Amino acid sequence: MYNLLKGKRGIIFGALDENSIAWKTAMRVHEEGGTFVLTNAPVAMRMGQISELAEKTGSQIIPADATSIEDLQNLVSQSMEILGGKLDFVLHSIGMSINVRKGKHYTDQNYAWTQKGTDVSAMSFHKTMQTLYKADAMNEWGSIVALTYMAAQRVFPDYNDMADNKAYLESIARSFGYFFGRDKKVRVNTISQSPTPTTAGSGVKGFDGFIAYAEKMSPLGNATAMDCANYTVSLFSDLTKRVTLQNLYNDGGFSNMGVSDAVMDTFVDNQ
């Protein structure tokens, strides 16, 4: 432990269970001296074990629907009151597709479900930052991070409308990040993580194939949830004060690969 976040305060969205990247990030932030409020949607809280995480990290929980401005305003004001001042970091780790969950193909979407997924997975990031911005809730040199996936740039057929949501999320990070940097000296970045076996990710059809393929393609292998937690801690710290508007790949090198020997060997062996 390096005390990288000693004295820093923040909000962590989306911790569901110990497989969650947000859960592991909360544990690492706690170990590095940071204090925070945990939040998730009430329905997600009923499914997960967030109370256990709160107990382990000495944190309070504020239920909030991230698509609701009223809930977000309450979350931000209560968090500053509980933590004793403005915030230094925020993690947005939220994603949901009803089309994926219900098995609707990308070419046969239920658009009401699509809009709900976009609101939860991407628009909620804009709503969160707009709420923080208007409330002047972030300290200078604060850091806001959202989690994304490479399907925002490349085709992964079974990732469905979540790919569109992630592309929108990354665009919001850049666009709002400009104003947050210019006006508040706050940085905004996204982390494009390797496919990771979380409770949410496992709902995507063919997810085991995603993981196996990425492992064979990546010279360093897939980044784990803990790797992502550590990377997030570095972005919350003062060591990355002028890193902003970036989509940062934490994927073992996958994003720069065309093909690997391991993948080629698989095709040759199967001929």
Side-chain angles (χ1 to χ4, degrees), residues 4-14 22 25-26 29 32-40 62 64-95 118-148 152-153 165-193 228 231-250:
L4 287 175
L5 303 179
K6 186 176 181 181
K8 294 190 181 296
R9 304 177 283 243
I11 301 173
I12 295 177
F13 287 79
T25 301
V29 169
E32 292 294 344
T35 56
F36 49 85
V37 164
L38 294 164
T39 186
N40 213 330
I62 302 175
D65 176 354
T67 68
S68 164
I69 293 294
E70 185 179 350
D71 278 15
L72 289 170
Q73 289 171 338
N74 177 64
L75 169 66
V76 169
S77 62
Q78 277 201 46
S79 295
M80 288 194 290
E81 187 175 328
I82 289 167
L83 298 171
K86 290 187 180 185
L87 309 175
D88 301 290
F89 61 85
V90 174
L91 175 65
H92 180 283
S93 180
I94 305 170
T118 300
D119 199 13
V120 171
S121 305
M123 190 78 75
S124 65
F125 191 40
H126 193 287
K127 291 177 179 178
T128 297
M129 286 198 285
Q130 181 170 291
T131 302
L132 292 164
Y133 182 91
K134 286 187 172 182
D136 195 24
M138 298 291 296
N139 279 319
E140 284 196 353
W141 305 111
S143 176
I144 300 171
V145 173
L147 301 185
T148 185
Q153 283 84 34
N165 294 337
K166 293 300 188 186
Y168 187 21
L169 177 85
E170 291 175 18
S171 179
I172 289 169
R174 288 186 295 271
S175 298
F176 216 121
Y178 166 74
F179 295 105
F180 239 135
R182 184 194 70 182
D183 300 338
K184 311 284 189 181
K185 293 291 184 288
V186 171
R187 58 217 138 109
V188 180
N189 296 287
T190 53
I191 296 176
S192 189
Q193 168 72 3
C228 190
Y231 198 13
T232 304
V233 165
S234 76
L235 290 172
F236 286 166
S237 80
D238 291 336
L239 298 177
T240 51
K241 281 177 71 170
R242 282 187 167 81
V243 179
T244 195
L245 311 186
Q246 302 301 310
N247 181 46
L248 300 161
Y249 292 98
N250 186 51

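All values below come from the heavy atoms of this structure, side chains included, with hydrogens, waters and symmetry mates left out. Everything numeric here is computed off the predicted structure, so don't read it as measured data.
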So, [X] side chain and [Y] main chain: donor-acceptor pair closer than 3.5 Å or not?
X: R187; Y: L235; result: yes
X: N189; Y: Q246; result: yes
X: K6; Y: G33; result: no
X: S175; Y: I172; result: no
X: S171; Y: Y168; result: no
X: S68; Y: D71; result: yes
X: T39; Y: I62; result: yes

Query raised in the report: For the side-chain hydrogen bond (donor to acceptor under 3.5 Å, both in side chains) test, which of Q193, Q153, E170 pairs with T148?
Result: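 Per the side-chain hydrogen bond (donor to acceptor under 3.5 Å, both in side chains) rule, the option paired with T148 is E170, out of Q193, Q153, E170.
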**Report entry** Worked check of side chain to side chain contact (heavy atoms under 4.5 Å, CB included) between D136 and K184
**Finding:** CA-CA 8 Å; D136 195 24; K184 311 284 189 181; 3.3 Å; yes
Query raised in the report: Does the side chain of K8 come within less than 4.5 Å of V29's, by heavy atoms?
Result: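 They are not in contact (no side-chain heavy atoms under 4.5 Å apart), so the answer is no.
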How long is the gap from [atom1] on [X] to [atom2] on [Y], to the nearest 0.5 Å?
X: D238; Y: L5; atom1: CG; atom2: CG; answer: 8.5 Å
X: L83; Y: T35; atom1: CG; atom2: OG1; answer: 5.0 Å
X: L169; Y: S121; atom1: CG; atom2: OG; answer: 8.5 Å

What heavy-atom pair brings [X] and [Y] nearest, and what distance separates the two atoms?
X: K86; Y: M80; value: CA-SD, 4.1 Å
X: T244; Y: V188; value: OG1-N, 2.9 Å
X: A22; Y: G14; value: CB-C, 3.7 Å
X: A173; Y: L245; value: O-CD2, 4.2 Å

Report task. Please work out which of the three classes, parallel, tilted or perpendicular, describes the rings of F179 and F176, given edges at 30° and 60°. Result -> perpendicular
Requested in this report: Using the side chain to side chain contact (heavy atoms under 4.5 Å, CB included) rule, take M129 and I144 through it: C-alpha gap first, then chi angles, then the decisive distance, then the call.
Outcome: CA-CA 8 Å; M129 286 198 285; I144 300 171; 4.1 Å; yes
Query raised in the report: Taking it one step at a time, do S143 and T240 satisfy side chain to side chain contact (heavy atoms under 4.5 Å, CB included)?
Result: CA-CA 9 Å; S143 176; T240 51; 5.8 Å; no
Query - NZ (K185) with more than 12 external heavy atoms under 6.0 Å - result: no
Report task. Name all residues meeting the side-chain hydrogen bond (donor to acceptor under 3.5 Å, both in side chains) criterion together with S192; count only those two or more places apart in sequence or in a different chain, and write none if there are none. Result -> none
Got a list of side-chain donor-acceptor pairs under 3.5 Å for residues 87-95, not counting sequence neighbours?
residue	atom	partner	partner atom	Å
D88	OD1	N139	ND2	3.0
D88	OD2	R9	N	2.9
H92	NE2	S124	OG	2.9

